[in-house]
Amino acid sequence: MTSQSEIVEFFREVQRVINKYGLKKVLIQLKRIQVDCGEGFESDVLDYIITITANHYIADKNDIVNSKKRGLVSEARRMCFALIKEHLQFTDEEIGMYFGGRSRQSVNNELTDMPLNHDVLATKQESKFVQNFLFLTTQVLRYKKAYDLNKNQ
């Protein structure tokens, strides 16, 4: 049984960490730990989405999740946002927290500005994004189907 002094010491340590790093950063890390350590379907699919996107764009997974880099890494991150939104029940806020503490509004703006939401694709880059999305979506659907088959065996 945990003693009252151990509980008080635990809360003091939590307070120390929050004071040192700030509540927002602590909550971001807790969310990541929750998703990364989860043994469930969502955590596995999330990891798969990030992995296949990183491989497709030839980018580092850590850069996609944590950095604020532009260019190819930014494009890969946007693709992850779209795939996560399509295949998982994550809110914009949860996606933002997992990807380096971005705000809900920032994720929402990225999702809204994607070529997937345009009636007409104006550039080759927009067309390529949609093609990549369809290709990666097919892979995610195959993974989810295989996951369900393995679970039912």
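Keep in mind that the numbers below use all heavy atoms, side chains included, and drop hydrogens, waters and symmetry copies.
- Using bins of under 30°, 30° to 60° and over 60° for the plane-to-plane angle, the ring pair Tyr48/Tyr143 lands in the parallel bin.
- Remark: the backbone N or O of Arg102 is not paired with any side-chain donor or acceptor of Ser106 at under 3.5 angstrom.
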### Message
For Asp113 and Arg78: C-alpha separation, side-chain torsions, deciding distance, then whether salt bridge (charged side-chain N to carboxylate O under 4.0 Å, His left out) applies.
### Response
CA-CA 10 Å; Asp113 292 340; Arg78 290 178 70 210; over 6 Å; no
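- With no hydrogens or angles considered, no side-chain donor-acceptor pair links Asn109 and Gln105 at under 3.5 Å.
- Residue Leu136 is not grouped with residue Ile58 when hydrophobic side chains (ILVMFWY) are merged at heavy-atom distances under 4.5 angstrom, including chains of intermediate members.
- The shortest side-chain heavy-atom distance between Phe81 and Met114 falls under the 4.5 Å cut-off.
- For the pair Leu46 and Ile84, the tightest heavy-atom approach, listed with the atom from each and the gap, is CD1-CD1, 3.2 Å.
- Residue Glu93 qualifies as open at atom CD: its count of foreign heavy atoms under 6.0 Å is 12 or below.
- Listed for the Ser127 side chain is no donor-acceptor partner under 3.5 Å among the backbone atoms of Thr123.
- What you find for Ile64 and Ala76 is that their closest heavy atoms are CD1-CB, 3.7 Å.
- The backbone N or O of Asp92 lies less than 3.5 Å from no partner atom in the side chain of Arg104, so there is not a single donor-acceptor pair.
- When hydrophobic clusters are built by joining Ile, Leu, Val, Met, Phe, Trp and Tyr residues whose side-chain heavy atoms come closer than 4.5 Å, directly or via intermediates, Val14 is not grouped with Val8.
- Between Cys80 atom SG and Ile52 atom CD1 the span is 8.5 Å, to the nearest 0.5 Å.
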### Task
Verify side chain to side chain contact (heavy atoms under 4.5 Å, CB included) between Asn132 and Tyr57, making sure each step is shown before the conclusion.
CA-CA 10 Å; Asn132 289 338; Tyr57 282 91; 3.4 Å; yes
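- In this structure, NE2 on His56 lies 9.5 Å from CD on Glu75, to the nearest 0.5 angstrom.
- Separation of atoms CD1 (Ile7) and CZ (Arg12) is listed at 12.5 Å; rounding is to 0.5 Å.
- Here the straight-line distance linking atom CG of Leu88 with atom NZ of Lys144 works out to 6.5 Å at 0.5 Å rounding.
- Checked by atom type and distance alone, the side chain of Lys85 never pairs as donor or acceptor with a backbone atom of Ile95 at under 3.5 Å.
- Atom CD of Glu13 has more than 12 heavy atoms from other residues, nucleotides or ligands within 6.0 Å.
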### Message
If you apply the rule side chain to side chain donor-acceptor pair (under 3.5 Å), what do you find for Thr112 with Asn108, and how did you get there?
### Response
CA-CA 6 Å; Thr112 303; Asn108 186 279; 3.3 Å; yes
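- Linking Ile, Leu, Val, Met, Phe, Trp and Tyr whenever their side-chain heavy atoms come within less than 4.5 Å leaves Leu141 and Leu134 in two separate clusters.
- One finds a salt bridge joining Lys61 and Asp47 here, because a Lys/Arg side-chain nitrogen approaches an Asp/Glu carboxylate oxygen to under 4.0 Å.
- Taking every heavy atom of both residues into account, Met79 and Phe129 meet most closely at CE-O, 3.5 Å.
- Checked against the 6.0 Å centroid threshold, Phe90 and Tyr98 do not count as a close aromatic pair.
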